[in-house]
Amino acid sequence: MRSDTVKKGLQQAPHRSLWNALGVTKEEMEKPLVAVVSSYNEIVPGHMNLDKIAEAVKLGVAEAGGYPVLVPAIAVCDGIAMGHTGMKYSLVTRDLIADSTESVIQAHQFDAMVCIPNCDKNVPGLLMAAARLNIPTVFVSGGPMLPGHVQGKTTSLSSIFEAVGERTAGTLSEEGLEEFEEYGCPTCGSCSGMYTANSMNCLTEAIGMGLRGNGTIPAVYSARIRLAKHAGNQVMEMYRKNIRPRDIITERSIKNALTVDMALGCSTNTMLHLPAIAHEIGMELDMTLANEYSAKTPNLCHLAPAGHTYMDELDAAGGVYAVMNELSKLHLLDLDCMTVTGKTVGENIKNAVNRNPEVIRPVENPYSATGGLAVLTGNIAPEGGVVKQSAVAPEMLVHEGPARVFESEDDAIEAILGGKINPGDVVVIRYEGPKGGPGMREMLNPTSAIAGMGLGSTVALITDGRFSGASRGASIGHISPEAAVGGPIALIEEGDTIRVDIPGKALNVLVSDEVLGERRKNWKPRTPKITTGYLARYAAMVTSGSRGAVLQVPGQNS
């Protein structure tokens, strides 16, 4: 056992003394040491139930012959952090989570690990750590929130953000907004649409690192507790068979996840996180590969914000396995990939049934013949920008309009809520990228305000920042290179005509190369917004959004 390093031998007498101080018996010291890495806290609604999940996991581990030890991981609630300086600290936690988990597991020489994430950054952060550590690992999330019910309609968090725009536009009363506040988020769990947290929990299943139902069983269902016990059992089975994350997280399984991503209509943030996870196994995932997979993968699900179905309905319809079984009919998946079940993808999904063809469209009747995401390139985004094309109004798939340029999200919000944005405009928000933000803030406030004020079918938004999974509309993020490093988005001027062509995968400002060249001569780097603390270190080490915003040692090739 790896943990013998801290338990056995003459030199380990002091170590055993400390185990005794923890109340660990000699019998328990003979068992494999299993880290139960839980991001439980009392500030994130998606995590407030993780104490119960962790206890169930510990029971499962102990029942199967391991000694479980609870260790913490941090998490940020993107909803509460949204729209202020706190959002600078969201994406950056992904790497803190990976680094701190690596540190704790290596320092104490754990034999195996069960990861209990639930929200946006701790799912990919813990997947990155699992790939680095390469000890037997199973994931079990806290599960999605049930949808809310407001004014006779099923709702989710994005509905509430959009209600703010409606209130500003005068189309919703103060009492109506209060009703959204009261009933929009009715339970614990990750927000109820196909936002980033649920996207990543579903893709954890697709990669093979979570058991069936990991991404879809609602947080408040007792089935989630049973799943956690099974996860505890299964990590011990993996330990005995020596099945490790790098046996599961491979180039083939990452591509399976990319395929499922397209079918589900996942968050654009997956195009930050999948490359970062791939990076940990030595695979450089080119963001534009998404177009190749989108071209051959039908979009089978329209969950909120793209449509009016929610995670509990996806679960009832058969969940991720049912979606994967549909995709297998078109031979779009590598069915030989290993999973945490000890079986292949093909063995796992062969008996999955699609119980609701309206929630999970059969491959013969998809929402669209192409996938949910698209990567656009052009003279604004030579390295690409990402849009959730399945959540774009048909009339906005091709759009041309004047640039309305803002140097920060805050300035853009003020203009949108102040009624200064007109139908046809293209809102440009720059200097919000990984380095420029720093931290690459999500732009749910401006996209929701645009939608809530009735401009969603006439106004586009582009940014070197990113979007919440709850955003919808012609919102193109991750524009790379970013403005802070002199990317072309920094050269756009107020009134320039911008052309968005999502079917053509193109994003251009209709200005000659000569004019852009003259503007570049006059461009100067901006003084960093933050020069101390973690954000300053992050800005110095982070790479482009097109590379997943992974960190590198300064001086390495970017």
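This is a predicted model, so every value here is computed, not measured.
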If we ignore angles and hydrogens, is there a donor and acceptor under 3.5 Å between the side chains of S90 and D78?
-> yes
Is the backbone N or O of G142 less than 3.5 Å from a side-chain atom of N49, with the two atoms forming a donor-acceptor pair by type?
-> yes
Got a salt bridge between K31 and E28, using NZ or NE/NH1/NH2 to carboxylate O under 4.0 Å?
-> no
So which heavy atom on H47 is nearest to which on N122, and how close?
-> CE1-ND2, 2.5 Å
Sub-4.5 Å side-chain heavy-atom contact between E432 and M440 = no
When you check the side-chain N and O atoms of N134 and R132, is any donor under 3.5 Å from an acceptor?
-> no
Non-hydrogen atoms of T259 and L327 that approach each other most closely = CG2-CD1, 4.0 Å
Report yes or no: do E383 and S480 form a side-chain donor-acceptor pair below 3.5 Å?
-> no
Indicate yes or no: does R537 engage D95 in a salt bridge with an N to O separation below 4.0 Å.
-> no
Is the closest side-chain donor-acceptor distance between Y40 and E42 under 3.5 Å?
-> yes
Using side-chain contact (heavy atoms from CB on, under 4.5 Å) as the criterion, point out the one residue from M238, Q106, R2 that pairs with I135.
-> R2
Between S158 and Y195, a side-chain donor and acceptor under 3.5 Å = yes
When you check the gap from the basic side-chain N to the acidic O, do E30 and K26 get nearer than 4.0 Å?
-> no
How long is the gap from CG on L33 to CE on M113, to the nearest 0.5 Å?
-> 12.5 Å
Any side-chain donor paired with an acceptor under 3.5 Å for E63 and N233?
-> yes
Is it true that R252 and D334 make a salt bridge, defined as a side-chain N closer than 4.0 Å to a carboxylate O?
-> yes
So, the side chain of R441 versus the backbone of M87: is there a donor-acceptor pair under 3.5 Å, distance only?
-> no
Out of curiosity, T187 OG1 to Y221 OH, how far, rounded to the nearest 0.5 Å?
-> 9.5 Å
To the nearest 0.5 Å, how far apart are CG in L285 and CG in L258?
-> 6.5 Å
Where the side chain of N269 meets the backbone of T196, is there a donor-acceptor pair that is under 3.5 Å apart?
-> no
Starting at NZ of K388, measure out to CE of M271 and round the result to the nearest 0.5 Å.
-> 13.5 Å
Do N214 side-chain atoms and E205 backbone N/O form a donor-acceptor pair below 3.5 Å?
-> no
Mind checking the CD1-OG spacing from I479 to S546? Nearest 0.5 Å is all I need.
-> 11.0 Å
Residue pair T270 / S199, side-chain donor-acceptor N/O under 3.5 Å | no
Starting at CG of L373, measure out to CG of D261 and round the result to the nearest 0.5 Å.
-> 5.0 Å
